[in-house]
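Working notes, beginning with the structure itself.
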Amino acid sequence: MAKKTSQNHKLSTINILDDHEFLTKLIVGIGEVAEITNIPQRKLRYWQEKGLIKTVDESGTTRRFNYLEIKKILLIKELLDEGFTLEAAANKVEKRIELINSTFKKFKNRHTE
DNA sequence: ATTCTTACA
DNA sequence: TGTAAGGA
């Protein structure tokens with residue numbers, strides 16, 4: 001299990017900023033990801049080898065995943081269940097991420113200038 | 001204890 | 001893909 005942080009005692013209070021901070025800092029090992037997403041480590045390694053998902057550049061030894069990658073993993077799994085091939089599912093997910101990112105980038109520009 | 005690679009079913 | 005072996 002993930003260890004408690006000193007902030008967890010505030011869990012009774014809904015705090016968007018804490019949630020965001022937690023998610024952006026969250027980096028998980030393959031074991032935990034496999035356990036929680038219910039996807040075998042074997043598959044996660046395979047997907048990563050094929051470049052479908054990335055690991056936090058820890059130049060070497062162990063595979064660690066961040067929020068975005070875990071999100072992709074979940075989406076890919078969903079599409080696989082719907083019948084898409086692994087490649088198709090991965091491409092679809094990438095497209096979605098790109099669309100969302102580029103869209104919000106436009107909003108950012110308007111609200112930042 | 002956990003993850004990694006390799007290899008074979 | 002699942003699993004076992006052997007090393008880190």
Side-chain angles (χ1 to χ4, degrees):
Chain A
M1 269 300 144
K3 54 187 173 184
K4 306 291 184 183
T5 69
S6 59
Q7 304 157 119
N8 282 190
H9 67 290
K10 296 180 182 174
L11 229 50
S12 57
T13 300
I14 297 176
N15 190 148
I16 304 291
L17 295 180
D18 277 351
D19 288 349
H20 179 268
E21 184 183 317
F22 171 70
L23 292 177
T24 54
K25 290 182 177 176
L26 182 66
I27 294 182
V28 220
I30 194 172
E32 206 176 333
V33 173
E35 179 189 329
I36 294 180
T37 64
N38 218 357
I39 296 174
Q41 293 185 23
R42 179 75 172 78
K43 287 186 182 176
L44 295 177
R45 295 199 179 94
Y46 184 60
W47 297 359
Q48 187 263 307
E49 287 164 19
K50 301 208 74 175
L52 277 27
I53 51 179
K54 300 169 188 171
T55 52
V56 176
D57 274 68
E58 194 186 318
S59 56
T61 62
T62 63
R63 275 169 261 250
R64 314 194 121 289
F65 305 86
N66 59 31
Y67 176 62
L68 177 60
E69 297 308 313
I70 294 175
K71 201 167 177 176
K72 288 183 186 175
I73 290 170
L74 256 20
L75 293 174
I76 291 176
K77 181 193 181 188
E78 213 171 273
L79 294 176
L80 286 177
D81 290 336
E82 289 175 23
F84 289 89
T85 62
L86 181 55
E87 293 66 33
N91 289 324
K92 221 166 163 56
V93 169
E94 280 309 308
K95 291 295 183 184
R96 289 178 176 178
I97 301 288
E98 287 175 29
L99 173 62
I100 293 173
N101 285 167
S102 63
T103 298
F104 280 97
K105 189 171 182 179
K106 292 177 183 175
F107 280 112
K108 182 181 180 182
N109 292 328
R110 295 193 173 193
H111 293 256
T112 219
E113 287 170 3

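Any value given below was found using the heavy atoms of this structure, including those in side chains, with hydrogens, waters and symmetry copies removed. Order of the sequence lines fixes the chain letters, A, B, ..., with proteins taken first and strands second; residue numbering starts at 1 for each chain.
- Heavy-atom minimum distance, Leu52(A) versus Leu86(A): CD2-CG, 3.5 Å.
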In dot-bracket notation, what is the pairing pattern of DNA chain B, taking Watson-Crick (N1-N3 plus N6-O4 or O6-N4) and G-U wobble (N1-O2 and O6-N3) contacts under 3.5 Å, with [ ] crossing and | for other strands? .|.||||||

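- Applying the side-chain hydrogen bond (donor to acceptor under 3.5 Å, both in side chains) test to every pair with at least one member in residues 94-112 of chain A, sequence neighbours left out, gives these pairs: Lys72(A)-Glu94(A).
- Thr37(A) and Lys77(A) get closest at one heavy-atom pair: O-NZ, 3.1 Å.
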Run the side chain to side chain contact (heavy atoms under 4.5 Å, CB included) test on Gln48(A) and Ile53(A) for me, step by step, so that the C-alpha distance in whole Å, both residues' side-chain angles and the decisive distance to 0.1 Å come before the verdict. CA-CA 5 Å; Gln48(A) 187 263 307; Ile53(A) 51 179; 4.0 Å; yes

One pair to check against side chain to side chain contact (heavy atoms under 4.5 Å, CB included): Ile97(A) and Leu68(A). What are the steps and the verdict? CA-CA 9 Å; Ile97(A) 301 288; Leu68(A) 177 60; 3.9 Å; yes

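- For Leu44(A) and dG2(C), the CG to P distance is 11 Å, given to the nearest whole Å.
- Judged as a side-chain contact (heavy atoms from CB on, under 4.5 Å), and not counting sequence neighbours, the contacts of Thr61(A) are Glu58(A).
- The CD1-P distance, from Ile30(A) to dA1(B), rounds to 19 Å in whole Å.
- Remark: Glu78(A) pairs with no residue by the side-chain hydrogen bond (donor to acceptor under 3.5 Å, both in side chains) rule, at least two apart or across chains.
- Judged by distance alone, the side chain of Lys92(A) and the main-chain N or O of Leu79(A) form no donor-acceptor pair under 3.5 Å.
- If you take CD on Glu32(A) and CD1 on Ile30(A), they are separated by 12.0 Å, rounding to the nearest 0.5 Å.
- Spacing between atom CZ of Arg45(A) and atom P of dT6(B) amounts to 12 Å, rounded to whole angstrom units.
- Between the CD atom of Glu49(A) and the P atom of dA7(B) there is a distance of 13 Å, rounded to whole Å.
- Atom P of nucleotide dT1(C) and atom CG of Leu86(A) are separated by 7 Å, given to the nearest angstrom.
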Please tabulate, one pair per line, each protein N/O and nucleotide N/O from nucleotides 3-7 of chain C that are separated by under 3.5 Å, including the distance.
from, atom 1, to, atom 2, distance (Å)
dT3(C), O4, Arg42(A), NE, 3.1

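- Distance, Tyr46(A) OH to dA7(B) C1': 15 Å, rounded to whole Å.
- Here dC4(B) presents its C1' atom at 20 Å from NZ of Lys43(A), a figure rounded to the nearest Å.
- Checking dT1(C), dC4(B), dG2(C) against the side-chain heavy atoms of Pro40(A) singles out dG2(C) as nearest.
- One N or O on the side chain of Glu69(A) and one on the backbone of Lys54(A) form a donor-acceptor pair closer than 3.5 Å.
- Look at CD on Gln41(A): it is 7 Å from P on dC4(B), rounded to the nearest Å.
- Interface residues of residues 62-74 of chain A facing DNA chain B, ordered by number: Thr62(A), Arg63(A); criterion, heavy-atom separation under 4.0 Å.
- Residue Gln41(A) comes nearest to Gly31(A) through the heavy atom pair NE2-CA, 3.6 Å, listed as atom of the first residue, atom of the second, then distance.
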